[in-house]
Chemist: 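The structure is given below, and queries will be raised subsequently.
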Amino acid sequence: MTYHPKSEFIRIMMERGFLADCTDYQGLDEALLKGGQAGYIGFDATAKSLHVGSLIQIMMMRWLQKTGGRPITLMGGGTTKVGDPSFRADERPLLDAQAIDDNIAGIKKVFSAYLTYGDGPSDAMMINNAEWLDGLNYLDFLRDIGRHFSINRMLAFESVKSRLDREQSLSFLEFNYMILQAYDFMELHRRYGCILQMGGSDQWGNIVNGIDLTRRVVDGEVYGLTSPLLTTSDGKKMGKSLSGAIWLNPDMLSPYEFWQFWRNTTDADVGKFLKLYTELPVDECDRLGALEGSEINAAKVRLANEVTTLLHGADAAQAAEATAREVFEKGGVGDDLPTLTLSGADIGDGISIVQLIVKSGLAGSGKEAKRLITENGARLNDEPLTNAGLMIDAAALATPIKLSAGKKRHALVQLG
């Protein structure tokens with residue numbers, strides 16, 4: 001696509017690799033030139049923290065604010081009660097109102113690291129769609145809003161089609177989700193003058209629905225912009241690791257483990273990730289991404305430091321780098337390693353090394369831990385661990401022990 005944008009925001013989206021598609025490049029570009037335009041992304045409150053998979057959208061809102069726009073973080077207090085079926089093989093478990101509120105409180109903490117909230121023209125707003133969804137009258141909603149939706153068209157959207165093609169049932173509850181998301185866009189436009197909805201490319205159908213509804217009901221000119229669904233160069237979904245989701249909240253994943261995730265980026269992804277997840281100039285991202293051999297490792301450390309600084313602050317990034325250097329270069333323990341603290345009751349007469357590996361998060365199951373040991377991938381205090389039947393008693397934990405899985409993943413186990 002050869003569109004030459006005039007607005008700084010669209011230019012950055014294109015240059016840095018954020019842009020998968022847009023409903024009207026020229027229209028949105030010209031609207032953004034007026035300055036102070038509001039754009040939103042919706043986040044359903046399905047967990048107490050977002051994970052790395054949401055970071056591309058958070059960075060899009062950060063760039064919108066940095067270029068004079070007004071980001072709206074829309075919390076799905078209402079839509080989480082339904083659950084987005086987009087490209088899912090099964091229905092999401094339903095959460096009660098208290099669980100949703102708890103999750104929203106956890107998620108809110110992340111946004112303030114990336115966005116400035118307030119009442120100024122480009123200050124971010126945090127809004128909960130329960131504000132208008134919880135009080136909807138069903139019959140009025142069907143008559144006023146439902147009549148604008150074509151079932152034939154909704155069935156043709158890829159997110160729905162992929163579910164039906166696999167012959168997995170799609171509940172009527174879930175089918176309503178795209179109507180509610182469209183209604184959100186219309187309400188945000190009506191209440192706050194929002195002209196833009198952003199999201200991953202799996203949200204394209206939902207976004208188009210919202211644009212269509214807003215035009216039909218309130219005659220509003222609004223736009224949609226999607227980012228690519230990100231996978232790593234080896235085809236894995238962004239945001240997952242061997243030990244589980246890479247959470248953004250520090251109480252669910254330590255800043256050290258977050259830093260380590262980025263430090264372990266594969267060579268081929270370094271340049272791309274620098275453009276998406278840091279604010280380094282594009283030419284510097286390209287230069288670092290093109291390095292080879294041992295030099296690419298320095299680029300990975302730079303990536304890890306930049307991303308961790310944005311989320312957790314410069315002190316946390318520096319502490320993580322220092323710990324990593326101590327662990328990898330000197331074979332030391334490091335103060336900031338993920339730590340498993342056990343009580344005497346947890347240990348009893350002894351606890352197996354396999355259980356410790358699982359409890360410390362270095363393996364997802366006992367079977368995986370045993371395989372790690374038999375394939376010579378596990379170490380105890382930097383010595384090869386070969387006995388899967390080894391038992392550890394309280395005396396052995398008089399001083400903390402260090403467990404390692406491969407060369408890059410470590411944990412401490414200690415008595416509390």
Side-chain angles (χ1 to χ4, degrees), residues 51-52 232 236 239-266 294 296-298 300-305 307-308 311-312 315-342 346-347 351-388 390-394 396-416:
H51 62 66
V52 162
T232 54
K236 291 186 182 134
K240 301 284 184 181
S241 74
L242 287 172
S243 53
I246 303 301
W247 300 107
L248 301 182
N249 284 25
D251 56 338
M252 291 178 70
L253 189 82
S254 73
Y256 173 80
E257 290 170 285
F258 182 78
W259 186 95
Q260 197 62 52
F261 170 77
W262 296 99
R263 169 61 183 82
N264 291 340
T265 297
T266 54
S294 60
I296 194 73
N297 289 328
K300 292 178 187 181
V301 169
R302 184 80 186 275
L303 169 67
N305 282 340
V307 183
T308 305
L311 177 59
H312 296 301
D315 289 349
Q318 286 164 14
E321 185 185 356
T323 297
R325 198 179 304 117
E326 190 175 341
V327 169
F328 304 135
E329 292 177 13
K330 302 175 189 171
V333 165
D335 298 329
D336 206 19
L337 279 183
T339 301
L340 171 67
T341 303
L342 300 173
D346 292 327
I347 298 166
I351 186 168
S352 75
I353 196 71
V354 166
Q355 277 182 283
L356 286 184
I357 290 172
V358 174
K359 280 178 180 285
S360 63
L362 295 177
S365 66
K367 190 175 175 184
E368 190 185 321
K370 285 174 185 170
R371 189 169 67 246
L372 195 65
I373 293 168
T374 56
E375 292 176 359
N376 300 316
R379 296 172 82 84
L380 172 62
N381 291 332
D382 296 319
E383 296 297 324
L385 179 58
T386 54
N387 179 11
L390 180 67
M391 298 295 290
I392 302 291
D393 59 17
L397 288 170
T399 55
I401 63 171
K402 177 183 168 189
L403 294 175
S404 305
K407 292 179 180 176
K408 295 180 178 177
R409 297 171 57 233
H410 311 272
L412 289 183
V413 182
Q414 64 184 17
L415 267 179

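Side chains included, hydrogens not; waters and symmetry mates left out as well; all remaining heavy atoms used. Start at 1 with the first residue, then count along the sequence. Keep in mind the model is a prediction, meaning the values are calculated, not measured.
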Chemist: Considering only heavy atoms from C-beta outward, does the side chain of L403 approach that of L340 to under 4.5 Å?
Modeler: no
Chemist: F258 and W247: which non-hydrogen atoms are nearest, and at how many Å?
Modeler: CD1-O, 4.1 Å
Chemist: Looking only at heavy atoms, what is the nearest atom pair of A369 and V358, with distance?
Modeler: CB-CG2, 4.1 Å
Chemist: Output all residues satisfying side chain to side chain contact (heavy atoms under 4.5 Å, CB included) with L372, sequence neighbours left out; order by chain, then residue number.
Modeler: I357, A378, A405
Chemist: Do W259 and V301 make a side-chain contact, defined as non-hydrogen atoms from C-beta onward lying under 4.5 Å apart?
Modeler: yes
Chemist: Check whether any side-chain heavy atom of H410 sits under 4.5 Å from a side-chain heavy atom of L362, and report yes or no.
Modeler: no
Chemist: Please name the pair of heavy atoms, one in Q260 and one in A324, separated by the smallest distance, quoted to 0.1 Å.
Modeler: OE1-CB, 4.2 Å
Chemist: Go through L356 and I351 one step at a time and tell me if the side chain to side chain contact (heavy atoms under 4.5 Å, CB included) criterion holds.
Modeler: CA-CA 7 Å; L356 286 184; I351 186 168; 3.9 Å; yes
Chemist: Is any side-chain heavy atom of I392 closer than 4.5 Å to a side-chain heavy atom of V413?
Modeler: no
Chemist: Can you confirm whether E321 sits close enough to Q318 that some side-chain heavy atom of one is under 4.5 Å from a side-chain heavy atom of the other?
Modeler: no
Chemist: Nearest 0.5 Å, what's the OG1-CG distance between T308 and L303?
Modeler: 8.5 Å
Chemist: Please report the closest heavy-atom contact between A411 and S360, naming both atoms and the distance.
Modeler: CB-CB, 3.8 Å
Chemist: To the nearest 0.5 Å, what is the distance between CG on N376 and OG1 on T386?
Modeler: 8.0 Å
Chemist: Any side-chain heavy atom of L412 sitting closer than 4.5 Å to one from K402?
Modeler: yes
Chemist: Distance check, rounded to the nearest 0.5 Å: L311 atom CG versus N249 atom CG?
Modeler: 8.0 Å
Chemist: Do I373 and I353 come close enough that some side-chain heavy atom pair is under 4.5 Å?
Modeler: yes
Chemist: Would a 4.5 Å heavy-atom cut-off, applied to side chains only, mark N305 and W262 as touching?
Modeler: no
Chemist: Might you work through the side chain to side chain contact (heavy atoms under 4.5 Å, CB included) test for N297 and R263, ending with a clear yes or no?
Modeler: CA-CA 8 Å; N297 289 328; R263 169 61 183 82; 3.8 Å; yes
Chemist: Hey, is the main chain of G364 close enough, under 3.5 Å, to the side chain of E368 for a donor-acceptor pair?
Modeler: yes
Chemist: Which residues satisfy the side chain to side chain contact (heavy atoms under 4.5 Å, CB included) test with S352, sequence neighbours excluded?
Modeler: V354, Q355, M391
Chemist: Of all the heavy-atom pairs spanning K359 and L342, show the shortest one and how long it is.
Modeler: CD-CD2, 4.5 Å
